[in-house]
Amino acid sequence: MNHSIRILLKSPKFMIGTIVLVLMIAFVLIYPFINTKDPLEMMALAFQPPDSNLLLGSDNFGRDLFLELVYGIRTSMMVGLIAGVCATIIGLIFGLASGYMGGFVDNFLTAITNIFIVIPSFIILILISVSIDSRSSLVTALIIGITSWPWTARAVRAQTTSLRNRDHVNIAKISGHSTSRIILSEILPYIASYVVMAFVLQTASGILSEASISMLGLGPYNTISLGILMNWALVFEAPVAGAWWAFIPAAFSIAVITFSLYLMNTGMDEIFNPKIRS
Amino acid sequence: MKVKRWIGLLCVLVMAASIVAACSSGQTETTTPKDQTKQETTTQTDSTKTDAATTDTTKTDTGKGDAKETPRNETLYINGLQWGAPTNFNLLSGNPAFPINYGNSREIIYETLFMINELNGDLEPLLGKRYEWNGDLTLHIDLNKDAKWSDGKPFTSDDVVYTYKLGKKYDINWSSYWTYIEDVVADGPNGVNIKLNKDNANKLTVLDSIEIIPMLPKHVWEEIEKKANNDLATIRKEVNADPIGSGPYKIYFYNDQKITVVRDDNYWGKALFGKLPAPKYITHVVYKDNAAGDLAFKSGQVDVSQQFIPQVWNMWKGGAPIKTYLKDAPYYVPGSMPSIFFNLSKKGLENADVRRAIAMSIDYKKISDLAMSGYSAAMKPSITLNSDAEAKYVDQSAIAALQWTTDVEGANALLDKIGAKKGKDGIRVLNGTRLGPYEIECPYGWSDWNASLEIVAQSAKAIGIEIRTKFPEAPVWTNDLQTGKFDIIMNTPAGSVSPSQPWNRAHDIMYSKGVAPLGEMAFWNWGRYKNDQADALIEKIPTVTDEAQLKSLYTDLTKIWLTDIPSIPLMYRPWVFHTVNESVWKGFPVEGDGSNIPPQIAIDGAGIRALYQIHN
C-alpha cells in the first residue's frame, strides 16, 4: 500500500490534480473564516460588475458572487462526495455479491443492474427530483448516488468474477472462512485501487449531475451550489445583460474541479493498470 | 465509461463558451425575466402563456399569402401581447390571437359597451351611451344608435342580449357573471336591462361585465352556432379568420411572425370620436422572447411595447425618444398587488404579532429595486392600490397608525414583547413553537416573484424567523395554493383593474364564506382567514352606492386587514407595461397632459383614445 502511494506521488498527473483540488478545498474551507458574512445577504444592486469591493460582482439578487462561489464550491463538492460514496458503496455491494456468489444471486443482481443501466439515469434523476417534496442538498446527493451506481457494480462484478477462482481465494474457502470475510480480506484489497478510481470518477460525475439538475431548476432549495448559481443566472438572463461574472466563474469552477478529479484518476490509472503502466 | 465523463466535462466547457458568445452579443442591461409578461392568475385567462404553449400547433403559414408590407409611417407596431403563432380569431376558443385576446386588446375589432379607464376607474361610453341603476336590481344601458358592425348591419340590443346569453349557454370567459345576473333583456332596439340575481345582488361585478365582455354580432355567430350544432367544442374549432366586429379595425394579414389589422374607414365611431384613428395599420410582431422584442423596440421597429423592460430609463439615456407614462420612478401606473398569504392554521403563523413582525421586517424598497427594476412605488400597506382610482375609497389618515413600514428593530422589539426568545441557532421560539422553518412558495421561473421571496426569506432571518423558499413548477403551486398545502404562499389577489376594485381584492383576501376547508379547493382566501365582521362588510359594500358610506365601510375593512394581516403585499405591479417609442408616432399620452388617456397600450379600454391623438 505504502509502495503504491509512493509511486502515485511520482505521477505528475496525479499530483497536479491533487494539488489543485486540495488548494481549492483548503481555500473554500478557510475563506468563510476570513469573510464571515452571510453569502445570502443581498448587499448590492443587481448584476454589479466586479470591482475592488465585490471581487466577482453581484448576482441578480445583489449578493456577493465571490462569497457565493466559495459556498457553492463547498456545497457542490459535498454533494459530489456524498453521491460518490453512496454510488460506490451500492455498486461495490452489488458487484461483490453478484461476482463472488454467482448463481441465482448473480443473475438477480445483474438483472437489476442491467435494468438500471438501460434506463437513462438522468431521467430517473429528474423524475425523482420533481416528485419529492423536500429538496435539501443531502437528498439531492443521495438521489444522484442511487442513480449512478450501476456501472461501478458492473465493473466490480467483472473483476470479482476473475478473482473468485484465484488460488488464495480457494485456500481461504478451504480454510473455512465465511463468505463475508473472504470478500473483505481476500477480494476487496485486490480491487481497492480500482474502487478508489471509480470513486473519484463518481464524485466528479456527481458534481456534474448536481450542476445539471440545478440548471434545470430541480436542484436543492435554500442553499448555494455551482449549478444553482448558473440556474439563477439563466433565469434572470444574465447572458443578455452581459453579466458574464454571474455564470462564467461557476462554470469554470465546475470545470476545474472535475478536471482535477479526472487528472487524478488518469494518474492512478497509469499506476494501477499494468497494461498502460510506463 | 471514462469517455462519457470526459464528454460531460466537455459539455460544461461548451456551455460556458456558448454563454460567453451569447453574452458578447447582448446589450448591457440586467434582469429580463421573460415571464414578466405573465398574466395575473385570478380571473383572466392566461393568454400570453397559453399562446406560447400552443405555438407549435400551427407550424405552417396560416396567412393569406406573402408577408404584406405596410408603409412604416402608416403602421403602428406593438409587441408583448402575442408570443406564438396565431391559431385563431375566435373569441370563444379560449386562446384567440391578438387582437381578440379577452381582456387585453379590447376595442380593436370587438368592442365592449364601455371602456375602462385605469387612471380614475371611470367607464367611458363606447357601444353603450350611458348606464343607470333602476332600483337596486336593474342596470339599464342606453346603446349608441350609430353603432354598426363592419359588414354594415346595425348594432342593436339583440346583439347585447345574445352575447351575454352565450355566457349562460356555454362555459366561456364571461360565464361567471351569470352568478350575479338573473337575466338580460332588450328594452327597445337601443336599450338593455340587466337584471341582477336577487340572492346575490352584486352591483360591482355587473359593472365589470359591461367593460369586459366583447360584443359579438348575433347574425354572424348564430350561423356559426347552427353550423356547429350548438356544440361548444365544435364552435371552439372555428378559426374565424375574418372576424366581423364593431371596432375600427379589420384583420388584414397574419402569419406566424406578425398580425396586421387595417383601419375600417367606414367605422361608425367616427361620429363618436370626431375622426378616425391615425394609424392605417396596426401590426403586432411575434418575437421569440423578451430580449428580441426589447431590442426591436429600442431600435424603433416597435412603437408601443407591452413587455417588461428592465431598467427602462437606460432606453432614453442615449436620447432615444422613448417614454413611459410617468416621467420618473416608478414609471408605470400600479395595477395590482402581488402578496404573500399566510396559512392561518400553522403554529406560529396564526399569531397576528408574528405576521406583523414579518411584515415589518421585509425590505420593500429592495424588492422593488431587485425584482421590479424599481417600478413599484413605496409600499403603503392597504387593501387599496395607492392610485387615484382606488386610494379615494379609504380614509388614509384613519389607517395611518396601523400601517407598517420596514423597521427591523421594531419587529424585533415586537417579538421580544410577545415573549418569543431567540434560541441557540438564532431562531425565536414562541410558547414552545420554533418560528420556522416555514416554507414560502411561488412557481419556478417567475423570476420577479422568486426574487421577492428570496428577499422575504432574508429579511425574516434578521428578526429570528426562519423562512425557506420553495419554487415548484406552476401546477404544483396552483394545487398547493388552492388546497392550502403551504405555510406562506405568493399570489395576486384579483389582478385586473375593474370597477369592482378594491372590493374584488378585499373579497379575495378576506371573504370566508364559500371557502372550502383546508385540503379542498378554494379559489380565494387561500389562507382560510375568517372574520365575521369582515365578511359582513364585504357583503355590504357591493350594495352601497353612497360615496361617503362606501368610504367608511372600506376604511373599517382596511383597519381589520391591517390588524389581522392575513396577507402582506410585496409590490405594486403595473397592469400593463406601457412604454412607447416616438420615433415614428408622436403624441402618446403622458402624465399631466390633461388628456386623461390611460396608459393602456393604446389599444385596450379607454387607452384606445390614444390612437386618435397620435400623429406622424
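Sequence lines set the chain letters: A, B, ... in the order given, protein chains first and strands last, and positions in each chain run from 1.
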Checklist entry - Using a distance-only test with no angle check, is there a side-chain donor-acceptor pair under 3.5 angstrom linking B:S345 and B:N343? => result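 Side-chain D/A pair, B:S345 to B:N343: present.
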Item to check | Which atoms of B:E454 approach chain A - backbone, side chain, both or neither, heavy atom under 4.5 Å | outcome: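 Contact with chain A is through both the backbone and side chain of B:E454.
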Atom group of [X] that falls short of 4.5 Å from chain B, counting heavy atoms:
{"X": "A:R63", "result": "side chain"}
{"X": "A:A44", "result": "backbone"}
{"X": "A:L216", "result": "backbone"}

Checklist entry - So A:F94 and A:W149, would you call those rings parallel, tilted or perpendicular, with 30° and 60° as cut-offs? => result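 The arrangement is tilted - the two ring planes meet at 30° to 60°.
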Next on the checklist: Is the ring pair A:W232/A:F236 parallel, tilted or perpendicular, if the boundaries are 30 and 60 degrees?
Outcome noted: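 Geometry flag for A:F236 against A:W232: tilted rings.
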Item to check | Residues in ring pair (Phe, Tyr, Trp, His ring centres under 6.0 Å) contact with B:Y572, at least two apart in sequence or another chain | outcome: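 Per chain and number, B:Y572 pairs via ring pair (Phe, Tyr, Trp, His ring centres under 6.0 Å) with no residue.
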